[in-house]
There are 2 protein chains.
Amino acid sequence: MVKNKQDKNQDTEELILKAANRVFEKKGYAGARMQEIADEAGINKALLHYYFRSKEKLFDRIFREAFSQFWPSIEKVTQGGMAGIRDLIKAVIDGYTEILAQRPYLPAFVVGELNRSPERIKELLLASGIKPDKIIKIVQDAIDNGEVVNMDPRELLVNIIALSIFPFIARPLVSSMFWKSKGEYDSFLQKRKETVYEFICRSILVNPDQ
Amino acid sequence: MVKNKQDKNQDTEELILKAANRVFEKKGYAGARMQEIADEAGINKALLHYYFRSKEKLFDRIFREAFSQFWPSIEKVTQGGMAGIRDLIKAVIDGYTEILAQRPYLPAFVVGELNRSPERIKELLLASGIKPDKIIKIVQDAIDNGEVVNMDPRELLVNIIALSIFPFIARPLVSSMFWKSKGEYDSFLQKRKETVYEFICRSILVNPDQ
DNA sequence: ATTAAATTTGACCAGATGGTTAAATTAAAC
DNA sequence: GTTTAATTTAACCATCTGGTCAAATTTAAT
């Protein structure tokens, strides 16, 4: 079973992207080295530049993908049109828990790079097709019909996201401050899927039960 | 009023530290350039190395200071011995709001650098004199005496910190997603001092009023 | 098998970057 | 004013880093 040229090409590109992702995600744009990416992919630097002409172009490719991965479930729920507020919250928390278990560096990477070049955000948001207004409206509806206490809907959204991803962004710090081992922290993060949901619901639902 | 040599020396050192802080905080260790720090301080690169022998030494100095600034009010409250849980929460939120208004890049800087070299954390925590156990105990006491609903005290602490600093860590992203201008976001952050406190209390206090 | 095109490599280059050094300047002590 | 020590500078240096290129290798088509 020999691979033809195109397949190998695809494989190499895939290999490079995976390697670049690992390196950029961990070290950021400035800390990443093209040589290290090449080594990680098992190729040499010239081939790296053959596939992606420059560090910036390669980074751009990686970062766009990372940025889009950053909004997993929010979109899923808004697609449906009218989702319950409980569903929205659960979807966001579960979505983050799932993706961040696989890519724990993702949020620190995205947020860190955006801090260093905030001018890119507008375009990235546009390109990603995210519609903040739609999500805000779901929350506002839940407030209007008395399901949720009166508050700025954006504040609730910020809180949900904060509670979901902060333990990952600040993972090493939080982990070694309050937990004894990596394993215990991981199990905390798993349980947290439920406890954060309850934490939020206790705070905002007018009729918690029902 | 001419300054003597020692004063000028002090001034130059102060000037360098201020400049280094600005540059490192915004660009991180890898993205920072010694030349840029020198320019920012209005001196040349050789003098920079005369005062702080290497980039790493200078960074270490800056980072330690940043890390210690990261825990403003938590310590103040634990000093007292037995503080109410409400006081603890308010102190943490107010403390962060205050310091982060002046140094908005601080949390992203600290967290980002710690992600890239987590092995430093243990030593930094030791050197900073922070006693996580003391803070956990305050929360645990409040749970034991029925003031706060039953939960892992560490989880509450993570939530408080998350809600306090996330809007700063992810500032550019959150701001341009949900707000129309920088000014509006700033005013949101100010109001948030109260709303986050209420958000947390609604969730955890057994007798919210009283 | 030969040809032609795409893929891969080793060697190399220019500029950036952290760091050094010897000389010049400045300030304090005498 | 001269001496002495600390401070500041311009000019360099070695290494790292992103990027290029011509030659070699591999693959598909004939």
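Chain letters run A, B, ... following the sequence lines, proteins first, then strands; residues in each count from 1.
In this structure, B:F70 and B:F67 have parallel ring planes: the angle between them is below the 30° cut-off, well short of the 60° mark.
Spacing between atom CE of B:M34 and atom P of C:dT20 amounts to 10 Å, rounded to whole angstrom units. One atom, CZ of B:F52, and another, C1' of C:dT20, lie 18 Å apart when rounded to the nearest Å. Atom CD1 of A:I16 is separated from atom P of C:dT8 by 8 Å (rounded to the nearest Å). Atom CD of A:E13 is separated from atom C1' of C:dT7 by 13 Å (rounded to the nearest Å).
For A:K122, there are no salt bridge (charged side-chain N to carboxylate O under 4.0 Å, His left out) partners at least two apart in sequence or on another chain. A:F24 pairs by the ring pair (Phe, Tyr, Trp, His ring centres under 6.0 Å) definition with A:F59, not counting sequence neighbours. Listed by chain and residue number, A:W179, A:Y185 satisfy the ring pair (Phe, Tyr, Trp, His ring centres under 6.0 Å) test with A:F188 (two or more places apart in sequence, or in another chain). Under the rule for a salt bridge (charged side-chain N to carboxylate O under 4.0 Å, His left out), B:R33 has no partner lying at least two apart in sequence or in another chain.
For the OP1/OP2 pair of C:dT7 and a distance below 4.0 Å, the side-chain nitrogens and oxygens of A:T12 include no atom meeting the criterion. Residue A:Y51 places none of its side-chain N or O atoms closer than 4.0 Å to OP1 or OP2 of C:dT7.
The pair B:K26-B:E36 fails the salt-bridge criterion, with no side-chain N (NZ, NE, NH1 or NH2) lying under 4.0 Å from an Asp/Glu carboxylate O. Using a 4.0 Å cut-off between a side-chain N of Lys or Arg and a carboxylate O of Asp or Glu, B:D60 and B:R120 qualify as a salt bridge. The pair B:D133-B:K137 fails the salt-bridge criterion, with no side-chain N (NZ, NE, NH1 or NH2) lying under 4.0 Å from an Asp/Glu carboxylate O. The pair A:R154-A:D152 meets the salt-bridge criterion, since a charged nitrogen lies less than 4.0 angstrom from a carboxylate oxygen.
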Expected list for residues 103-110 of chain B: side-chain donor-acceptor pairs under 3.5 angstrom, two or more places apart:
residue: B:R103; atom: NE; partner: B:E25; partner atom: OE2; Å: 3.3
residue: B:R103; atom: NH1; partner: B:E65; partner atom: OE1; Å: 3.3
residue: B:R103; atom: NH1; partner: B:E65; partner atom: OE2; Å: 3.3
residue: B:R103; atom: NH2; partner: B:N21; partner atom: OD1; Å: 3.3
residue: B:R103; atom: NH2; partner: B:E25; partner atom: OE2; Å: 2.6

Mind listing the side-chain donor-acceptor pairs of residues 197-205 of chain B below 3.5 Å, one per line with the distance, residues two or more places apart or on another chain?
residue: B:R202; atom: NE; partner: A:S203; partner atom: O; Å: 2.6
residue: B:S203; atom: OG; partner: A:F199; partner atom: O; Å: 2.6

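Residue pairs that meet the salt bridge (charged side-chain N to carboxylate O under 4.0 Å, His left out) test with at least one member in residues 37-46 of chain A, sequence neighbours left out, are A:R22-A:E40. Pairs engaging residues 106-118 of chain A under the salt bridge (charged side-chain N to carboxylate O under 4.0 Å, His left out) rule: none recorded [sequence neighbours left out].
Taking every heavy atom of residues 53-66 of chain A and every atom of DNA chain D, pairs under 4.0 Å involve A:S54, A:K55, by number. Near DNA chain D, defined here as any heavy-atom distance below 4.0 Å, the residues from residues 35-44 of chain B are B:N44, listed numerically. Near-neighbour residues of DNA chain D inside residues 17-33 of chain A, defined by a heavy atom below 4.0 Å, number-ordered: A:A32, A:R33.
Here the side chain of B:Y50 is nearest to one of C:dT8, C:dG19, D:dA6, namely D:dA6. The side chain of A:H49 has D:dG18 as its nearest neighbour among D:dT8, C:dT7, D:dG18.
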Which pairs, protein N/O on one side and nucleotides 11-15 of chain D N/O on the other, fall under 3.5 Å?
none

